[in-house]
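Here is the structure we will look at, set down as structure tokens.
Being a predicted model, the structure only gives us computed values, none of them experimental. Numbering of residues begins at 1 and proceeds along the displayed sequence.
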Amino acid sequence: MKNLYNHINKIEIDKKNFLEICNLKLKVYHPLSNFMNKENFLSVVNRMKLKNQIFFPFPIYLSINKKYKSICKKNKIVQLIFNKNNVCNFHIKSTFTFNKEEKKIIGKKLFKTNSKKHPGYLYFKKENEIFLSGKILNFNKRVIKNINFSSPIEIKKKIGKLKMIAGFHTRNIPHKGHEWIHSLGAKKCKNILIQPIVGHFKLGEYSEQALINANKYIVRKQNLFNKKQKIPHKYFFSFINIFPKYAGPREALFHALIRKNYGCTHFLIGRDHAGYKNFYNEYASQKLCIKYEKKLQIKIIKYNSPKICKYCKKITNKKCICKNSKNKNSLLDINGTKIRKLINKKQKLPEYLIDKKIFQKLKVKNILYK
């Protein structure tokens with residue numbers, strides 16, 4: 001069998017497809033275990049269901065460069081390569097394409113827009129021309145060692161038999177607003193899993209290692225505090241290595257489904273979850289996830305965005321009750337983008353906005369630039 005595979009034609013894949021393979025094989029996308037064919041793809045786009053009627057909110061597909069078209073026509077089994085490493089063999093069951101007009105229609109349904117200013121839609125619009133469905137064979141588990149990756153099995157073992165645990169999705173360095181959200185999840189469920197998305201970043205975002213270090217620090221800090229104060233709350237940390245789509249409500253459903261696979265019983269969703277700029281209504285993601293709560297089989301914890309009182313410097317998502325605060329105008333947004341800009345300008349950030357130790361380790365070089 002090994003000699004047979006030595007002569008298999010090789011296809012180079014990009015990082016997105018590489019990570020999709022890892023997530024499929026390690027059951028991050030359960031109940032899905034293989035790339036969708038055209039029928040399932042369109043069924044998910046149109047009905048958020050696979051053709052067997054199982055709920056699934058977002059299409060998972062393998063796309064390749066058109067230069068490999070002839071290889072796919074001539075071969076049933078190909079070898080998928082990423083960064084010169086063998087990832088797996090792939091049994092091709094079908095190939096399919098979408099023309100420009102079809103992509104436009106699909107994009108509108110997934111992203112609620114056909115704007116070229118939307119990164120998710122633009123990426124799909126420019127997607128490789130050939131889509132493959134089929135079965136992943138001989139997955140090379142060693143490739144996982146080259147990336148920051150946590151499998152659901154690994155995390156479920158850490159969580160153990162806890163009755164409730166809230167999942168928290170983030171793409172940011174934790175500021176005091178995030179810490180407030182963490183405490184909300186911990187109070188509701190006694191336990192929280194903090195999962196920063198790693199592997200893909202936009203220009204101007206924090207580096208992967210800075211993101212990891214800061215969130216790990218918060219978990220350690222909070223667990224130490226809880227232990228000293230004899231508070232029965234536990235904080236857990238893990239990676240989630242998925243490709244951001246900026247698809248707002250649709251993607252929020254996808255994130256919730258993934259957290260269920262990691263063992264979470266609840267999922268925290270705030271303002272504009274998985275959104276981009278002003279493409280979606282602020283709390284549309286909350287509403288859609290609550291609507292599909294039963295199908296997701298995970299409880300949604302919704303909350304209004306935490307703000308900081310400019311007088312007492314306390315965090316709240318309601319009206320502040322301090323003496324100097326007489327109206328809602330006393331509350332200021334805690335904005336991660338603004339914090340990055342201040343770091344870029346080498347300005348010192350006050351401790352009521354971000355933990356002192358996190359800020360001390362953040363430098364301009366930790367922010368990704370072109």
Side-chain angles (χ1 to χ4, degrees), residues 150 152 154-198 211-240 252 255-274 283 285-286 289-290 293 296-309 312-318 320-321 331 334 336 339 351-359:
S150 304
E154 169 194 347
I155 301 308
K156 283 179 179 178
K157 282 182 181 178
K158 287 184 180 180
I159 292 170
K161 295 181 180 180
L162 296 176
K163 290 183 179 180
M164 293 196 297
I165 182 165
F168 177 70
H169 179 99
T170 182
R171 299 180 62 246
N172 221 324
I173 295 293
H175 51 60
K176 290 297 181 178
H178 293 126
E179 291 191 54
W180 183 92
I181 300 166
H182 298 161
S183 65
L184 173 68
K187 285 174 185 175
K188 292 272 186 181
C189 299
K190 292 188 177 180
N191 311 286
I192 184 167
L193 174 64
I194 296 174
Q195 276 192 310
I197 183 171
V198 297
L211 183 67
I212 292 167
N213 292 344
N215 280 283
K216 277 187 173 181
Y217 164 75
I218 286 295
V219 169
R220 287 194 301 269
K221 182 187 87 167
Q222 198 61 51
N223 280 332
L224 185 62
F225 175 81
N226 290 344
K227 188 175 181 180
K228 285 182 178 179
Q229 298 298 317
K230 296 183 179 180
I231 300 170
H233 297 166
K234 289 185 179 180
Y235 280 54
F236 296 85
F237 173 89
S238 82
F239 306 110
I240 184 161
H255 290 166
L257 181 146
I258 289 171
R259 273 21 184 255
K260 183 215 166 197
N261 291 335
Y262 274 96
C264 294
T265 57
H266 294 67
F267 186 49
L268 288 151
I269 297 185
R271 180 186 63 82
D272 199 28
H273 185 100
Y283 294 102
S285 292
Q286 285 184 356
C289 285
I290 289 168
E293 217 174 31
L296 288 166
Q297 296 179 352
I298 189 170
K299 293 285 184 181
I300 303 301
I301 301 174
K302 67 174 185 175
Y303 58 90
N304 293 333
S305 289
K307 298 177 185 291
I308 188 163
C309 176
C312 68
K313 308 304 181 188
K314 288 185 179 180
I315 309 289
T316 181
N317 70 337
K318 300 176 182 178
C320 187
I321 57 173
L331 298 179
I334 310 170
I339 288 174
E351 282 191 62
Y352 59 78
L353 279 182
I354 192 168
D355 187 282
K356 184 179 178 181
K357 288 190 177 180
I358 290 178
F359 173 70

Name every donor-acceptor pair, under 3.5 Å, that has one atom in a side chain of residues 228-238 and the other anywhere in the protein, sequence neighbours excluded.
{"from": "Ser238", "atom 1": "OG", "to": "Gln195", "atom 2": "NE2", "distance (Å)": "2.7"}

[atom1]-[atom2] distance between [X] and [Y], expressed to the nearest 0.5 angstrom:
X      : Y      : atom1 : atom2 : result
Asn304 : Thr316 : CG    : OG1   : 10.0 Å
Ile298 : Asn261 : CD1   : CG    : 9.0 Å
Lys163 : Asn191 : NZ    : CG    : 12.0 Å
Ile339 : His175 : CD1   : NE2   : 5.0 Å
Ser183 : His178 : OG    : NE2   : 12.5 Å
Trp180 : Ser305 : CH2   : OG    : 9.0 Å

Measure the shortest side-chain to side-chain distance between [X] and [Y] over non-hydrogen atoms and say whether it is less than 4.5 angstrom.
X      : Y      : value
Leu268 : Ile192 : yes
Leu193 : Arg259 : no
Cys189 : Ile165 : no
Ile181 : Thr170 : no
Lys302 : Ile290 : yes
Val219 : Asn215 : no
Ile194 : His182 : yes
Asp355 : Tyr217 : yes

Tell me the closest heavy-atom pair linking [X] and [Y], and the distance in Å.
X      : Y      : result
Leu296 : Cys289 : CD1-O, 3.8 Å
Ile269 : Ala252 : CD1-CB, 4.4 Å
Lys188 : Ile301 : CB-CD1, 3.9 Å
Ile173 : Ala214 : CD1-CB, 3.7 Å
Cys264 : Ala166 : SG-C, 4.2 Å
Asn172 : Gly336 : ND2-CA, 3.9 Å

[atom1] ([X]) with more than 12 external heavy atoms under 6.0 Å:
X      : atom1 : answer
Lys299 : NZ    : no
Lys190 : NZ    : no
Lys357 : NZ    : no

Open item on the list: Just to verify, what does His255 make a ring pair (Phe, Tyr, Trp, His ring centres under 6.0 Å) with, not counting sequence neighbours?
Closed with: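 Applying ring pair (Phe, Tyr, Trp, His ring centres under 6.0 Å) to His255 gives His169, His273.
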Determine whether a donor-acceptor pair (N or O, by modelled atom type, separation under 3.5 Å) exists between the side chain of [X] and the backbone of [Y].
X      : Y      : result
Ser150 : Phe239 : yes
Glu293 : Ile300 : yes
Glu179 : Pro174 : no

